[in-house]
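Side-chain atoms are counted along with the backbone in the values below, which use heavy atoms only and exclude waters and symmetry mates.
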Amino acid sequence: MGYSKLIKGLLLSMLLVIVGCGQKEEGTGTDTSSDSQTSSNTNNQAYAPTPDGNEQFVPVLSYRTGPYAPNGTGVANGFVDYLKLVDARDGGVNGVRISFEECETEYKTDRGVECYERLKGLGPTGATVFNPNSTGVTFALTEKTTTDKIPLITMGYGRSESRDGSVFPWNFPMMGTYWTAADVLVQHVGNLSGGLDKLKGKKIALVYHDSPFGKEPIPLLQKRSEMHGFSLTTIPVTHPGVEQKAAWLQVRQDKPDYVFLWGWGVMNSTSIKEAAAVRYPREQMFGVWWSGAEPDVTPAGDDSIGYSSVTLQHSAGSDNQVHKDIFKYVYDAGAGSGDRDRVGEVLYNRGMLNAAIVVEVIRNAQSKYGQKPLTGEQIRWGIENFELTQAQIDKLGLTGMVQPIKLSCSDHEGTRIARIHTWNGKTWEYSSDWIEASDAVIKPMVETAASNYAKEKNITRASCES
Amino acid sequence: MFYRETGQFKTSYQADQAIFPIRQDRIFILIWLLIGFAVIPLVASEYAFRAILIPVTIMGLAALGLNILVGYCGQVSLGTGAFMAVGAYAAYNFMIRVPELNPLFCFVLGGLTATGVGILFGIPSLRIKGFYLAVATLALQFFTDWAFSRIGWFTNYTPSGSIAVQPVEVFGFAFNTPLRKYFLCLTILSIFALVAKNIVRGRIGRAWMATRDMDVAAEIIGIRPMYAKLSAFAVSSFFIGIAGALWAYIYLGSWEPLAFDINVSFSVLFMVIIGGLGSIVGGLMGAAFITLLPLMLNQLPSAMGFEISTALIKHLEIMIFGALIIFFLAVEPLGFARLWQIAKEKLRLWPFPH
């Protein structure tokens with residue numbers, strides 16, 4: 001039988017591929033701006049325990065392949081680079097080194113759950129905290145983390161009602177939920193129209209990714225539409241969102257005054273291109289913070305000019321102290337995860353900020369439990385009692401990128417302010433002041449939704465006074 | 001040598017009609033059951049349970065169901081994901097609307113609902129065949145995708161369309177640890193495999209196979225095609241419906257319509273094709289292969305000490321996975337089941353082939 005030859009050939013070609021690609025990174029076809037890969041690098045650091053065991057393991061769920069890769073790669077690079085920075089510059093957090101391992105989820109729920117199972121037990125004390133980077137995965141993990149006692153930080157995504165810590169003790173949708181984002185957007189278009197009361201009779205369309213992520217803002221927008229009398233049309237776009245002709249035809253027919261875009265990955269740039277194709281003014285389009293980064297606008301070229309999105313506090317920019325440090329300690333050492341000139345893009349900064357918050361909550365937990373590797377449960381305390389003051393922000397070199405945050409048991413979100421930024425063809429520019437989401441609107445909704453969840457799952461509300 | 005049946009005389013009709021007429025087969029099955037029920041629980045880690053064993057057993061059940069339809073009755077279906085979704089959503093709705101019901105009973109009800117839908121969408125099979133039927137079942141897939149994400153009632157009006165399941169508790173016994181979940185799935189799989197094996201050996205199974213091999217001839221010898229095809233659809237969707245409910249409740253714990261999309265249909269179909277059409281054990285092997293291989297390929301490079309990026313690993317995984325499927329199909333189009341059969345024939349003569 002001649003199969004042995006075939007197998008040998010197969011193995012050989014596999015080997016060739018491995019060796020040949022060993023130095024290449026970033027496998028996305030849709031990536032428009034990557035030129036040369038400067039650093040040779042290993043963004044996949046398989047976890048290997050250190051001999052002394054004095055380390056805190058941070059699992060990294062990322063996606064660098066599939067339709068969401070153009071966006072997922074930026075977030076992952078920022079996150080990993082910051083962890084590397086902390087290790088290289090400070091030698092870890094108070095001497096406890098940070099170790100991590102990346103696991104590719106492809107933004108798929110089942111693979112995300114598998115990654116979670118794979119990583120949760122690593123490190124001397126198990127996984128510190130999970131950042132799923134996907135609302136779908138967050139929903140699935142919400143069930144599991146409760147039994148495993150590992151906190152979830154879902155910065156700017158996840159379940160909106162999970163900010164209620166008495167029902168969701170392990171979820172931390174820090175710095176903004178989708179309801180916050182939607183509320184800020186409504187207020188912003190209200191300002192543009194000359195006041196929220198002027199929204200009466202106007203039409204707003206929501207073009208959304210047909211998944212839990214895209215559906216999240218709907219209840220809030222409905223509530224707001226009842227309050228102010230604007231009409232709301234919801235237009236779903238099927239995953240992965242490359243086929244949107246029908247959606248934009250509907251937009252052209254309805255002629256809404258504003259379009260809110262709730263997309264992710266290739267869906268965003270497709271939306272902008274389709275909007276241009278039906279001549280819908282980009283100035284009247286506003287994206288969520290997951291629809292407002294470079295990979296969303298650059299593929300559409302000049303068609304993107306004038307498009308805006310809400311920001312998760314920060315925009316693009318690489319002039320902060322923290323960026324200088326990343327260049328110095330990570331990229332100059334040849335350990336950068338991505339392209340040097342993509343450091344400071346919107347999503348890179350978001351990943352970086354996310355990692356910074358993870359590191360700071362570890363520090364906070366250490367202040368109570370001691371400077372040693374901590375368990376998920378101890379870290380949870382560190383997150384729930386977390387406060388990021390202006391002084392700390394300055395010290396971390398994050399000035400201007402993030403506003404002070406303070407969490408508590410009843411508020412796992414910490415802050416609800418955001419700005420709008422607009423793409424001018426080359427960079428993102430802020431186009432509004434800070435807008436604070438109205439808690440008078442959101443809070444009752446959170447309470448109802450959380451109570452429903454508690455009822456459905458037979459959870460007794462924990463008391464927040466202790 | 002190992003598989004020589006010399007000296008095993010069948011002296012009664014009962015012995016002749018046994019599921020496994022050969023002693024070696026019986027021993028093999030016993031060993032496998034022993035491994036499944038006793039050895040694995042002792043040695044497997046939590047990760048192995050949650051990420052490998054549970055999905056493999058559940059997908060094995062789905063593949064078993066699809067194999068009845070495709071492998072035994074010859075009706076190509078791309079609606080597996082849809083039937084799983086029907087099973088899962090039906091179980092969820094029964095549980096949430098009638099909380100007194102036993103969850104296991106809800107799973108069965110989910111399976112029965114899938115059966116109903118299966119029969120309904122099996123009706124076109126009476127008129128259309130082959131690829132055309134595959135396209136018709138594809139319609140079901142898209143229909144359920146649409147229905148479950150658009151009709152709020154199915155998801156109990158969850159704003160996000162994502163469902164979080166209730167804990168599975170039977171008579172005060174909660175299936176909450178990976179071990180218990182695994183036992184539940186394995187037991188269900190074993191029972192259903194036994195049922196399937198017996199159905200396909202009997203009158204109904206023979207009717208299916210006759211229909212598969214040549215429907216006109218089958219009709220002439222007195223098999224009613226409507227009955228044969230619809231019963232295949234019914235049994236198959238019942239199995240798949242149960243698998244869907246288990247997938248949702250035991251494995252995922254929380255899901256959105258995307259969890260049962262067209263990719264699930266494809267991968268179950270691949271399991272059946274790679275495992276071996278018209279073979280119970282083939283479906284199970286196919287399920288193990290399709291579920292495990294990507295995970296193994298994904299973890300192999302880092303286990304071997306290669307430091308390569310997760311993106312590259314993923315791409316390698318897809319490439320190697322694809323290549324292996326083509327390789328296996330080229331080498332043995334009849335799937336693993338046939339390979340296993342060849343192995344048995346070889347073992348029979350070994351070590352003295354003539």
Quick check on [X] against chain A: is it the side chain, the backbone, both or neither that has a heavy atom closer than 4.5 Å?
X	result
B/Pro55	neither
B/Phe49	neither
B/Ala259	neither

Where along residues 171-182 of chain B does a heavy atom come under 4.5 Å of chain A, listed by residue number?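 At a heavy-atom separation under 4.5 Å, chain A is reached by no residue of residues 171-182 of chain B.
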
Considering only heavy atoms and a distance below 4.5 Å, find which of B/Asp145, B/Leu258, B/Asn156 pairs most often with chain A.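 Maximum pair count with chain A is reached by B/Leu258.
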
Flag the one option from B/Leu252, B/Ile96, B/Ile318, B/Leu295 with the top tally of heavy-atom pairs under 4.5 Å to chain A.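 So the answer, after comparing B/Leu252, B/Ile96, B/Ile318, B/Leu295, is B/Leu295.
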
Evaluate B/Val165 against A/Glu143 for side chain to side chain contact (heavy atoms under 4.5 Å, CB included), listing each step before the verdict. CA-CA 9 Å; B/Val165 302; A/Glu143 318 295 316; 5.5 Å; no

Chain B heavy atoms under 4.5 Å from A/Tyr178: which part of the residue, side chain, backbone, both or neither?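 Contact with chain B involves no heavy atom of A/Tyr178 at all.
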
Under 4.5 Å from any heavy atom of chain B, what part of A/Glu106 do you find: side chain, backbone, both or neither?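 A/Glu106 touches chain B through side-chain heavy atoms alone.
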
Can you name the closest pair of heavy atoms from B/Ser162 and A/Phe139 and give their distance?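 For B/Ser162 versus A/Phe139, the nearest heavy atoms are OG-CD2, 3.1 Å.
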
Find the distance between [atom1] ([X]) and [atom2] ([Y]) and round it off to the nearest 0.5 Å.
X	Y	atom1	atom2	result
A/Arg159	B/Ser254	CZ	OG	6.5 Å
A/Lys215	B/Thr155	NZ	OG1	7.0 Å
A/Thr65	B/Glu317	OG1	CD	8.5 Å
A/Asn452	B/Tyr157	CG	OH	14.0 Å
B/Glu256	A/Asp210	CD	CG	10.0 Å

Any heavy-atom pair between the side chains of B/Glu46 and A/Asp148 that's under 4.5 Å?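 In short, these two side chains touch, coming nearer than 4.5 Å.
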
Any Lys/Arg nitrogen of B/Lys314 or A/Glu104 sitting under 4.0 Å from an Asp/Glu carboxylate oxygen of the other?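 So B/Lys314 does not pair with A/Glu104 through a salt bridge.
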
Of all the residues in residues 108-115 of chain A, which have a heavy atom that comes within less than 4.5 Å of a heavy atom in chain B?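 A/Thr109, A/Asp110, A/Arg111, A/Glu114, listed by number.
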
Picking from A/Arg118, A/Glu216, A/Lys144, which has the most non-hydrogen pairs under 4.5 angstrom with chain B?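 The option with the most such pairs is A/Arg118.
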
